[in-house]
Amino acid sequence: MTFFLDSFNSALLLLWSLDKDLLVIVSLSLKVSFFSTLISGLAGVPLGLAISMNDFRGKRLVTTVLNTLLALPTVVIGLFVYSFISRRGLLGSMGLLYTPKAMIIGQVILILPIVITLTITALSRIDGRYRKTAMTLGANPFQTAFVIIREARFSILAAIIVAFGRVIAEVGISMMLGGNARGFTRTMTTAMALEFDKGEFTMSVALGIVLLLISFAVNIVLNYFQGKAGD
Amino acid sequence: MLYELTDIVRNYNGRNVLDLSLSLEKGRVTGLIGPNGSGKTTLLEILAFLGSPTSGGLFYKGSSVDFGKTDLIRLRRSAVLVQQKPILFTRSVFSNVEFPLKIRNVKKNEREKIVNQLLAIVGMERFISAAADKLSGGETQRVAIAQALACSPDVILMDEPTASVDVENRIIIERIIRDINRLRGISVIFTTHDMIQASRIADDIICLNEGKVTESVHENIFGGSIETDAEGVKFCVIQEDLKIPVKTVKSGQVRVFINPDALGIYKCHGDIKAGFSVRGRVIQLSDEKGSIRALVDIGVPLTIIVPFNAARDVLPGIGEDAWITFNPEKIDVL
């Protein structure tokens with residue numbers, strides 16, 4: 001117990017002193033997670049809308065595949081993307097391996113099904129009369145889609161926040177595709193794993209505190225939007 | 001002619017919910033009356049170009065409408081549907097009425113002017129900044145009408161516009177319907193269950209039943225079973241001690257439609273010259289464009305329409321006994 005409290009006190013001091021290494025790790029984690037969430041949101045919301053609003057052959061199959069992808073382990077995604085971007089892979093010449101871009105690619109694959117599935121769920125709860133109203137008032141398909149997304153905005157935002165929460169805490173993809181290079185691809189979770197291996201608990205605990213605070217903030221925002229969606 | 005429908009069929013899961021031919025004139029207020037499931041809403045959605053028929057021809061202002069090829073957005077901008085329970089976007093009342101103008105690229109200052117005018121027409125100007133999703137049913141209906149008017153349509157289709165509103169709002173909405181037709185020349189097609197309301201505000205009334213245009217109004221539709229007496233005369237037994245003569249080859253459980261124009265009503269049994277009669281009591285009398293509509297309790301409420309000039313001689317007063325005669329030829333059995 002004393003050992004844990006000592007580590008905790010040292011971690012608080014590290015946070016208080018705004019340690020440069022710590023800040024670099026936190027900012028990189030936030031940056032990578034932000035861009036992967038942004039890309040997933042920009043792609044996932046329209047895809048969710050398209051799947052939700054259209055009846056097509058194989059729709060149930062698509063939904064089943066998406067639900068299956070929700071349970072995809074990060075190491076499987078890491079392996080899959082690695083096989084494409086490693087030196088011998090199809091996209092090896094692009095030099096993506098062990099870069100933040102590679103991490104973003106992997107994370108997008110991880111959370112895109114989450115965004116799509118939760119968008120479909122959010123839109124399924126939207127009253128069908130909104131669509132009919134927009135159409136009868138003369139809206140074209142894009143204007144109608146905008147109306148529907150706007151009505152589901154809080155639930156869709158909640159979906160994006162859930163996705164962000166998923167990537168900020170993941171370790172497998174960041175480790176396998178980022179390589180945990182100091183100051184370049186080292187994120188909070190990979191740094192924690194490394195420091196733990198080295199027996200340096202102070203940095204691990206400090207990063208753990210930051211991660212928990214971020215999770216806490218994400219949950220507060222999520223709660224707010226879920227409350228709004230339920231109004 | 002505004003709409004021309006020829007052999008329009010709408011099929012859901014192997015059942016024809018609509019199967020009719022119809023012409024609707026421009027510049028009129030038309031009431032579509034019929035019971036639940038008679039196809040009123042399906043018909044309105046086809047007329048609003050929101051739903052396509054399974055087969056048949058639809059002509060709008062003389063041009064054929066092909067739901068697969070025609071520019072439906074252009075047509076929808078000319079024929080706007082106000083749904084039975086309209087839903088407003090979760091924005092302010094102003095933004096809701098502004099929406100159709102915005103998507104038509106009307107300039108901002110012009111939009112503000114039009115929205116203010118339209119909200120004044122429906123008596124909702126003091127709610128301009130209110131959250132639209134917090135309004136009552138009647139207020140929502142009125143804002144939805146303003147929203148439809150913002151489209152400057154040629155026709156407004158209203159699905160039971162007063163079904164879920166209080167008396168105060170019902171009177172206001174009926175006044176708005178008359179005003180937008182007479183002052184703005186907009187054709188109005190609305191559905192209702194209320195024959196009295198339809199005859200009060202509609203220029204034309206079309207009765208629908210089971211997806212078809214019928215002559216009978218829905219008020220006199222009863223379920224019953226066919227029985228034949230010793231003399232071979234067929235009756236429909238509506239309930240214990242209440243049977244009416246019918247001409248049919250059907251047997252078992254049926255539905256009968258009794259045309260209110262085809263019933264006889266007498267003060268005394270002795271006035272009846274011949275035929276089968278049932279005794280009842282007058283419970284309501286109302287004026288209806290040259291006729292008197294009488295509601296008579298014969299065990300079930302039965303509507304009878306009597307020409308105004310004959311009413312004085314034959315109609316008993318409210319609460320008085322009445323004798324009703326039936327013409328089996330004018331009773332439809334389904």
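Each chain gets a letter, A, B and so on, in the order its sequence line appears, and its residues count up from 1.
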Peer 1: Is it true that, when you exclude B/Met1 itself, more than 12 heavy atoms of the residues, nucleotides or ligands shown sit nearer than 6.0 Å to its CE?
Peer 2: yes
Peer 1: May I ask you to check whether over 12 heavy atoms, not counting those of A/Phe56, lie within 6.0 Å of atom CZ?
Peer 2: yes
Peer 1: Can you list the residues of residues 137-149 of chain B that sit under 4.5 Å from chain A, counting heavy atoms only?
Peer 2: B/Gln147, B/Ala148
Peer 1: To the nearest 0.5 angstrom, please state how far the CD atom of A/Glu151 sits from the CD1 atom of B/Ile87.
Peer 2: 7.5 Å
Peer 1: Less than 4.5 Å to any heavy atom of chain A: does that hold for the side chain of B/Leu88, its backbone, both, or neither?
Peer 2: backbone
Peer 1: Could you walk me through whether B/Thr90 and A/Phe154 pass the side chain to side chain contact (heavy atoms under 4.5 Å, CB included) test, one step at a time?
Peer 2: CA-CA 12 Å; B/Thr90 52; A/Phe154 296 121; over 6 Å; no
Peer 1: Looking at OG1 of A/Thr136 and CD of B/Gln83, how far apart are the two atoms once the value is rounded to the nearest 0.5 Å?
Peer 2: 7.5 Å
Peer 1: Quick check on B/Pro86 against chain A: is it the side chain, the backbone, both or neither that has a heavy atom closer than 4.5 Å?
Peer 2: backbone
Peer 1: So does A/Phe80 have more than 12 non-hydrogen atoms from other groups sitting under 6.0 Å from CZ?
Peer 2: no
Peer 1: Would you compute the distance between atom CZ of B/Phe89 and atom CD1 of A/Ile148 and round it to the nearest 0.5 angstrom?
Peer 2: 9.0 Å
Peer 1: Can you confirm whether B/Lys26 is buried at NZ, in the sense that more than 12 heavy atoms of other residues, nucleotides or ligands lie under 6.0 Å from that atom?
Peer 2: no
Peer 1: Just how far is it from atom CZ of A/Arg131 to atom CG of B/Leu50, taken to the nearest 0.5 Å?
Peer 2: 10.5 Å
Peer 1: Tabulate, in ascending numerical order, the residues of residues 99-115 of chain B having at least one heavy atom closer than 4.5 Å to a heavy atom of chain A, or enter 'none'.
Peer 2: B/Phe99, B/Pro100, B/Ile103, B/Arg104
Peer 1: Is there any residue in residues 119-129 of chain A with a non-hydrogen atom under 4.5 Å from a non-hydrogen atom of chain B, and which ones are they?
Peer 2: A/Asp127, A/Arg129
Peer 1: Roughly how far, to the nearest 0.5 Å, is the CD1 atom of B/Ile73 from the OG1 atom of A/Thr144?
Peer 2: 7.5 Å
Peer 1: Within residues 97-116 of chain A, which positions have a heavy-atom distance to chain B below 4.5 Å?
Peer 2: none
